[in-house]
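Step one of this worksheet: look at the structure below.
Order of the sequence lines sets the chain letters (A, B, ...), proteins ahead of strands, with each chain counted from 1.
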There are 2 protein chains.
Amino acid sequence: MKNSSVLFAFYNLLIRHYERWEVIEKGKLMEGAGRGGKTTAKRRPRERVLQRDPERTRAAILEAATQEFAENGMGGARVDAIAERAGTNKRMLYHYFGDKEQLYLHVLEEAYVGIRTAERALHIGDRSPEEGISDLALFTWRYFLKHPEFLSLLGTENLHRARWLRQSVRLKELHSHLLGELEQVLERGKKAGVFIDSADPLNVYLTIASLGYFYLSNQYTLSTIFGRELAQPENIDAWERQIVHVTLASIKA
Amino acid sequence: MKNSSVLFAFYNLLIRHYERWEVIEKGKLMEGAGRGGKTTAKRRPRERVLQRDPERTRAAILEAATQEFAENGMGGARVDAIAERAGTNKRMLYHYFGDKEQLYLHVLEEAYVGIRTAERALHIGDRSPEEGISDLALFTWRYFLKHPEFLSLLGTENLHRARWLRQSVRLKELHSHLLGELEQVLERGKKAGVFIDSADPLNVYLTIASLGYFYLSNQYTLSTIFGRELAQPENIDAWERQIVHVTLASIKA
DNA sequence: CCGGCCAGTAACTAAACAGTTACTTTGATG
DNA sequence: CATCAAAGTAACTGTTTAGTTACTGGCCGG
């Protein structure tokens, strides 16, 4: 048995490299390969039809990457898995997005654009101050509920202390609108005497987001330790009412 | 230049394996290596003194693993990095904990035991109902503030839908105490007419935990998008007051 | 006082990984 | 209708990774 593992490994290496050599030689014979410097073999004819639709491929990669990053985080996501989910291959992914990190940043930016765009369409200033606040709370909760991948991406990005989001140039102005509109609603409520003077737009938004985010993003450990299934529809509905109740109670005059 | 890269790779492999061979032969000559089946070389005399302190080594690995998992998540954590941080090596890690997943589960269990043990020492039932609730809120917030690694581990575990926590047998009974004591405090408050009848222990705890968890775990993205530094001491203090205010406002009669 | 067992070490390995190379296919344009 | 750039493919590479192997050294019970 002496040295047998080493011998075996060596043998395997020889075999592997000889096979490769053989393929190279065959390739040269078969296709002539006149251009200098080419060392690889003739490829088998491919079966899959070429898509030739750059926009669709790009979108498919982005969608697949969103799923993969949301499910596995930045460290756990696999580039091969993204390519396969998108029905394409790695080369295209690198072609359109540069590398894994830039792809991840695109996914993150897209996710933020998604929620902020939907939020703008709310126009919380159009109703009474109380309705405006409760509509914002309901919207935020229901958006989180419908987009678990968004919560997951936020979690991943925060694990890395916003390392990639910080580099984003697109997202700075996207958020000032939200706080501005919220401030106007609070001001109107204060003048009408329904909100306390200390009500602050950032605090109100953080309260709403906290209550929604924590319940959903931590539902798995919470359900486990408290032995109650938080994903059950009746519990989901009860928490929705709790969010609106808590938010309004915290600013009511 | 034809085939030069292949030739070069092949050459390197030969060199590498010849060197290894040489070492093996030398090893045999130098130490006799009488015992059959041994194929590896003589090791250099080691410089580090043997610790021979199993408890200390175990604890060091657990501490190092907590840091590494908290900073990089389950997918991003590196077993080599843990061993190095602990001042030991991988073999010991596998010796004491089996594999990466079991080590992670130990870290997670330890983290939960930590917070629940500290929580018990609070005895929130000893004061007035309002004080009990605000003390629980303050304790939870300050514990989160002091133990960012706990928040991080929760986030990682939830990304994986409590895959490992679900397997834990130690943790089921650890949490019933908390809800039981909280329920008693709420009951006393209801009888005294200071809390609303609908106040529910799980909802109250989730509210407190939500407000603390979200602010801290998401501080990096929030600071980036809103352009306000949430980690600033004055902002931290303001949020502590907000948590107590919101929690009490949501249950006050 | 010695032999076996447990703490500890470091080199090793197979597999997985991000990223690259070396090509082929297709359609639009001059 | 030739050509050229963009779209697409798949095999390949260097490196990293979790996990293993093959050892060494010290202590304790017989």
Side-chain angles (χ1 to χ4, degrees), chain A residues 5-6 8-9 12-13 16-17 19-20 23-24 27 31 33 35-58 61 74-84 86-104, chain B residues 5-6 8-9 12-13 16-17 20 23-24 27 31 33 35-58 60-61 74-84 86-104:
Chain A
S5 70
V6 177
F8 188 67
N12 274 340
L13 281 161
R16 236 175 95 197
H17 281 266
E19 277 171 353
R20 203 174 138 198
V23 170
I24 293 158
E31 56 169 351
R35 307 193 229 168
K38 300 294 158 60
T39 52
T40 47
K42 173 120 178 70
R43 305 296 152 88
R44 271 175 254 112
R46 57 193 52 78
E47 278 117 51
R48 185 183 287 157
V49 186
L50 282 179
Q51 295 255 343
R52 205 135 197 109
D53 187 344
E55 271 317 303
R56 215 163 74 86
T57 303
R58 222 190 108 100
I61 292 171
M74 176 65 183
R78 298 291 157 240
V79 173
D80 293 84
I82 295 170
E84 206 189 317
T88 180
N89 61 67
K90 273 194 291 191
R91 183 67 184 77
M92 288 296 93
L93 195 152
Y94 285 96
H95 179 56
Y96 288 116
F97 297 98
D99 63 8
K100 192 186 179 184
E101 302 201 7
Q102 283 182 72
L103 175 58
Y104 170 76
Chain B
S5 68
V6 178
F8 187 68
N12 272 340
L13 281 161
R16 237 174 96 194
H17 283 265
R20 206 176 135 196
V23 170
I24 293 159
E31 56 168 352
R35 308 192 229 168
K38 301 294 159 58
T39 53
T40 45
K42 170 118 179 71
R43 303 296 151 90
R44 271 175 255 113
R46 56 192 54 78
E47 279 116 50
R48 185 183 286 159
V49 186
L50 282 180
Q51 294 254 344
R52 207 136 196 104
D53 186 343
E55 272 317 303
R56 216 163 74 86
T57 303
R58 223 189 108 98
I61 291 171
M74 177 64 183
R78 298 291 157 238
V79 173
D80 294 84
I82 295 170
E84 207 191 317
T88 180
N89 61 67
K90 271 194 292 191
R91 183 67 185 79
M92 289 294 93
L93 195 151
Y94 285 96
H95 180 56
Y96 288 116
F97 296 98
D99 63 6
K100 192 187 180 185
E101 302 200 7
Q102 283 183 71
L103 174 58
Y104 169 76

Could you state the [atom1]-[atom2] distance from [X] to [N], rounded to the nearest angstrom?
X	N	atom1	atom2	result
A/His95	C/dG19	NE2	P	17 Å
A/Ile61	D/dA7	CD1	P	11 Å
B/Ile82	D/dT17	CD1	C1'	12 Å
A/Tyr94	D/dT9	OH	C1'	16 Å

Self-check item: Shortest non-hydrogen contact between B/Ala86 and B/Ala60, atoms and distance
Solution: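 B/Ala86 and B/Ala60 have their closest heavy atoms at CB-O, 3.6 Å.
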By nearest-nucleotide position on DNA chain C, the 5'-leaning member of A/Gly98 and A/Arg78 is A/Arg78
So what does A/Ala77 touch, heavy atoms closer than 4.0 Å: a base, only the sugar-phosphate, or nothing?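 Contact class for A/Ala77: sugar-phosphate only.
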So CD1 of B/Ile82 and NZ of B/Lys90: to nearest 0.5 Å the spacing works out to 11.0 Å
> Atom CG in B/Asn89, atom CD1 in B/Ile61: separation rounded to 0.5 Å?
Replying inline: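 Atom-to-atom, B/Asn89:CG and B/Ile61:CD1 are 8.5 Å apart.
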Using a distance-only criterion (donor-acceptor N/O pair, under 3.5 Å, no hydrogens), is the base of C/dT21 paired with the side chain of A/Arg91? yes
Can you find a donor-acceptor N/O pair under 3.5 angstrom joining the side chain of B/Lys90 to the base of C/dA10?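 For B/Lys90, whose side chain was compared with the base of C/dA10, there is no donor-acceptor pair (under 3.5 Å).
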Side chains of residues 93-100 of chain B: which donor-acceptor partners sit under 3.5 Å, not counting sequence neighbours?
from     : atom 1 : to       : atom 2 : distance (Å)
B/Asp99  : OD1    : B/Glu101 : N      : 3.4
B/Asp99  : OD1    : B/Gln102 : N      : 3.0
B/Lys100 : NZ     : B/Met74  : O      : 3.0
B/Lys100 : NZ     : B/Ala77  : O      : 3.0

